[in-house]
Amino acid sequence: MGAVQLTLGGLSVLLGIVAWGMFAATIARFVRIIRLGQPDGTRNGPFMSRLGTLVKEFAAHTRMNRKRTVGPAHWLVMWGFLIGSLALFEAYGEVFVPEWGWPILDDWSLFSLLMELLGVGTIVGILVLMAIRQRNHPRRADRQSRFQGSNFKWAYFIEAVVLVEGIGIIGVRAAKAALHAHETPTWAAFVSNPIGELLPASPNLVSVFAFIKLMSATVWLIVVARTMTMGIAWHRFSAFFNIYFKREADGGVALGAVKPMMSEGKPLDFEEADPEKDVFGAGKIEDFSWKGWLDFSTCTECGRCQEQCPAWNTGKPLSPKLVITQLRDHAYAKAPYLLAGGKKDMAGDEIGLKGETEEERHAGIDVLALAEAERPLIGGAEDLGVIDPEVLWSCTSCGACVEQCPVDIEHVDHIIDMRRYQVMIESNFPSELNGMFKNLENKGNPWGQNAKDRMAWAEDLDFEVPVFDGDLGEAEYLFWVGCAGAFEDRAKKTTRAVAELLHIAGVDYRVLGPEETCTGDPARRAGNEFLFQMLAQQNVEVLNSVFEGRDPLQRKIVVTCAHCFNSLANEYPELGGQFDVVHHTQLLNRLVREKRLTPVAPVAEDVTYHDPCYLGRHNKVYDAPRELVGAAGAQLREMPRHGDKSMCCGAGGARMWMEEKIGKRINVERVDEALGTAPSKIATGCPFCRVMLNDGLTARQNDGKAAESVEIVDVAQLLLTAVKRKPAPETGADAEADGKADESTEKVATGTALSEEDK
């Protein structure tokens, strides 16, 4: 052991003690800070199910592999970090004794091969990731880059450290090979042995390479220990916990039902709730649960959520990534104030810090933390708000961000929690929602129509639609028509088509008629949880009386609206409503397979299908609608964004009832993509989607960018045309159950009026 070894080894140990000490202290601080969030006992089990999800997601990289190039490259880097830690700790011995190695392991050729693969894999993997980042850099792609808004200084630092670590592993092995410290066969050292032949046999060289490897790790430890908001580094540790504690214990993503409104870890009971004590959504950063704080801490700023967000892609200020990082930065800046016991009441008066004077109350608290504590969670630039209102209300709750996030961040739940506080406590929401809320409360539907008109859609049918009269009898299904299906003229055509198909197939069903009311979906997505609960409990009471005496598996409901489908199937069980809910495309597809519906006149046209978010992404129904398009005899042309990457129509998240004032209209963007497939018809399976897509198509037809013959139809209408052996008319209106195409949106009012520019 020479002077070089003693000097470099001594420095490595001293700096290592400092670095590891700082790192351990920061981990402890992380735990304290994350525990500032509200309790949430729903994340604790079952252990084996959650552990299985964790192992599958990180070992197989199931979510990361959604990007085929990124997935394998990141997999190499991940294992290089985890198992490569053996090489890091081995370097503490090598810097003192160049010939040193792990007892037993270093004499095992397979272990040598593993370390060789880890070193090479780390270098190759990080070089690929660096190339991908540069290829998609905002300076080239601007807003289209998923890295727009990410912290590039942090990214470059991490990339450099990973690259040096990979080179360090191979460098030490090559220097030891030159020294003939261990006789390793070339197949187990296929890179380091050849490089070792080019290097001098020098013990000092081994120590230098080991020191470089140790210093890169030491610098990394010190930097990340001082930067708790560096998610691109900390996700290496927090991602494991974030995946394990994800909302769905079975491994599913946080879609479908919205997270229940919680206070102190329990569902909020509105009859006993006290705004002075209970948490109503999220009005302050400390109102988020500890899992929310863990979400904020885990974001890697990869931008996959941003890349898929329909709002971001049409020029809106919302980026799911930036929402999470802004909440993260605010949370950690405010943490010293909260850790000191700081707390304000609803009027904004300090009730947590003790002391007679302001100086006494603020003693020992960073002035920046005190300033951060004064910032409102939601507010414009003039208010120094953390999240701008335009950002909050741009969300369509389509779930694309949640679906794509590789570390299972629950963006939609957090956004809706913030909306809940704004609506129920602050009464601060877009003015357009006022009318929708009043219509839901007074009329039981967002259109404000009278309940007696709920059966108007069935007036011209040549058969009688059976209405529930107090006894369900032998009926197999309750047909839930929905507000759109009952009142919106274009959606009525879908309702009529489904009713006629059920009649042809001999399905025994009933409709509720005037007894039906809105499921409450738009109220809940807009943050009006109280109104949702009122409507949902009313519906559960009615439905339970309708199905009285039936086993839950025999309480069958068929719906045409994707939003009703999601609420009835996923959210009503929380309120005591256990039903077997199917979407009309699923039921019709089964009837076709059972030969109860037989297409006899193929719709020989090119059709593209738009996946409704609340049918596809939220409930994983992708195949049934497509199989129906094929059964109808149409040629399916897929849009570039389809399936779990389908783009939203713009109606979700109560956006159906709000005007788009910023950027390109989402429905126009989606229609442009659909028109790119050169279809005769654009099919969908949701009345909200149909309205929005028809608005967008009308705008493009008025611009002369779409043929007048192109139509928006429901898949049920395609099937009805094929089943009824109806001769094709000269125009493209053969898919309409009544032979008429949708009216122009300039003639028929909808919830999404076109701007003058689009007209």
Side-chain angles (χ1 to χ4, degrees), residues 436-461 463-489 491-492 494-500 502-503 507-524 528 530-552 554-584 587 687-688:
M436 188 263 285
F437 289 154
K438 289 179 181 177
N439 287 337
L440 286 176
E441 187 172 358
N442 299 326
K443 297 290 187 177
N445 67 85
W447 275 271
Q449 300 294 313
N450 292 320
K452 64 182 179 62
D453 296 326
R454 275 192 176 267
M455 289 302 298
W457 61 270
E459 290 176 354
D460 299 330
L461 292 175
F463 60 92
E464 184 177 351
V465 175
V467 180
F468 176 74
D469 60 0
D471 182 12
L472 203 56
E474 299 299 317
E476 183 179 6
Y477 288 95
L478 178 70
F479 180 11
W480 185 273
V481 176
C483 300
F487 299 120
E488 211 284 326
D489 287 342
K492 286 181 185 178
T494 301
T495 309
R496 292 162 61 90
V498 172
E500 192 164 354
L502 295 179
H503 177 73
V507 176
D508 193 353
Y509 70 94
R510 300 287 187 276
V511 298
L512 281 179
E515 291 295 311
E516 191 177 290
T517 190
C518 180
T519 60
D521 166 84
R524 188 170 223 193
N528 196 335
F530 179 80
L531 182 54
F532 164 76
Q533 296 272 350
M534 182 183 74
L535 293 168
Q537 288 171 359
Q538 177 182 335
N539 282 326
V540 167
E541 184 177 342
V542 170
L543 290 171
N544 282 342
S545 66
V546 169
F547 289 113
E548 187 174 5
R550 287 200 182 187
D551 183 88
Q554 298 303 315
R555 298 181 169 199
K556 298 181 179 180
I557 302 176
V558 57
V559 297
T560 59
C561 176
H563 298 262
C564 294
F565 174 64
N566 181 69
S567 293
L568 291 167
N570 298 322
E571 298 182 331
Y572 277 30
E574 299 169 4
L575 303 171
Q578 298 285 343
F579 313 111
D580 180 11
V581 187
V582 296
H583 191 254
H584 73 282
L587 177 57
F688 282 14

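Partners of Asn439 under the side-chain hydrogen bond (donor to acceptor under 3.5 Å, both in side chains) rule, at least two apart in sequence or in another chain, do not exist in this structure. With sequence neighbours left out, Asp453 forms a side-chain hydrogen bond (donor to acceptor under 3.5 Å, both in side chains) with no residue at all.
The shortest distance between side-chain heavy atoms of Leu535 and Leu440 falls below 4.5 Å. Taking the side chain as every heavy atom from C-beta outward, Tyr509 and Val465 approach each other to under 4.5 Å. For the pair Asn566 and Glu571, the minimum side-chain heavy-atom distance is below 4.5 Å. Counting only heavy atoms from C-beta outward, the side chains of Tyr477 and Leu587 approach each other to under 4.5 Å. No side-chain heavy atom of Asp580 sits under 4.5 Å from any side-chain heavy atom of Arg555. No side-chain heavy atom of Trp480 sits less than 4.5 Å from a side-chain heavy atom of Val558.
Ring pair His563/Phe688 is tilted by interplanar angle, where 30° to 60° counts as tilted. Taking the six-membered ring where tryptophan is involved, the planes of Phe579 and Phe547 are tilted, since the angle between them lies from 30° to 60°.
Note: Thr494 OG1 to Glu488 CD = 9.5 Å, rounded to the nearest 0.5 Å. Interatomic distance, Asn450 CG to Asn445 CG, rounded to the nearest 0.5 Å: 8.5 Å. In this structure, Asn539 CG and Met534 CE are separated by 10.5 Å, a value rounded to the nearest 0.5 Å. Atom CZ of residue Phe532 and atom CG of residue Leu575 lie 5.5 Å apart, to the nearest 0.5 angstrom. Rounding to the nearest 0.5 angstrom, the gap separating the CG atom in Leu543 from the CD atom in Gln538 is 10.5 Å. Note that NZ of Lys443 and CD of Gln449 are 9.0 Å apart. Values are rounded to the nearest 0.5 Å.
A side chain to side chain donor-acceptor pair (under 3.5 Å) with Glu476 is found for exactly one of Lys556, Gln554, Arg510, namely Lys556.
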List the atom pairs, with distances to 0.1 Å, where a side-chain N or O of residues 511-520 and a protein N or O form a donor-acceptor pair under 3.5 Å, not counting sequence neighbours.
{"from": "Glu516", "atom 1": "OE1", "to": "Val481", "atom 2": "N", "distance (Å)": "3.1"}
{"from": "Glu516", "atom 1": "OE2", "to": "Arg454", "atom 2": "NH1", "distance (Å)": "3.4"}
{"from": "Glu516", "atom 1": "OE2", "to": "Gly482", "atom 2": "N", "distance (Å)": "2.5"}
{"from": "Thr517", "atom 1": "OG1", "to": "Gly444", "atom 2": "O", "distance (Å)": "2.9"}

Problem - salt bridge (Lys or Arg N to Asp or Glu O under 4.0 Å) assessment of Arg524 paired with Asp521 - result: CA-CA 5 Å; Arg524 188 170 223 193; Asp521 166 84; over 6 Å; no
Practice task
Apply the test side chain to side chain contact (heavy atoms under 4.5 Å, CB included) to residues Val467 and Met455: give CA-CA distance (whole Å), side-chain angles for both, the deciding distance (0.1 Å), then the verdict.
Solution key: CA-CA 9 Å; Val467 180; Met455 289 302 298; 3.8 Å; yes
Handout entry: Derivation of the side chain to side chain contact (heavy atoms under 4.5 Å, CB included) call for Tyr572 and Glu574
Key = CA-CA 5 Å; Tyr572 277 30; Glu574 299 169 4; over 6 Å; no
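In this structure, the side chain of Ser545 engages the main chain of Val542 through a donor-acceptor pair within 3.5 Å.
Shown here for Asn570 and Pro573, the closest heavy-atom pair between the two residues is C-CD, 3.7 Å. The minimum heavy-atom distance linking Pro687 with Cys561 is given by the pair CD-CA, 3.5 Å. Contact detail for His583 and Thr560: the closest heavy-atom pair is NE2-O, 3.3 Å. In terms of heavy-atom proximity, Thr495 sits nearest to Gly485 at OG1-O, 2.9 Å.
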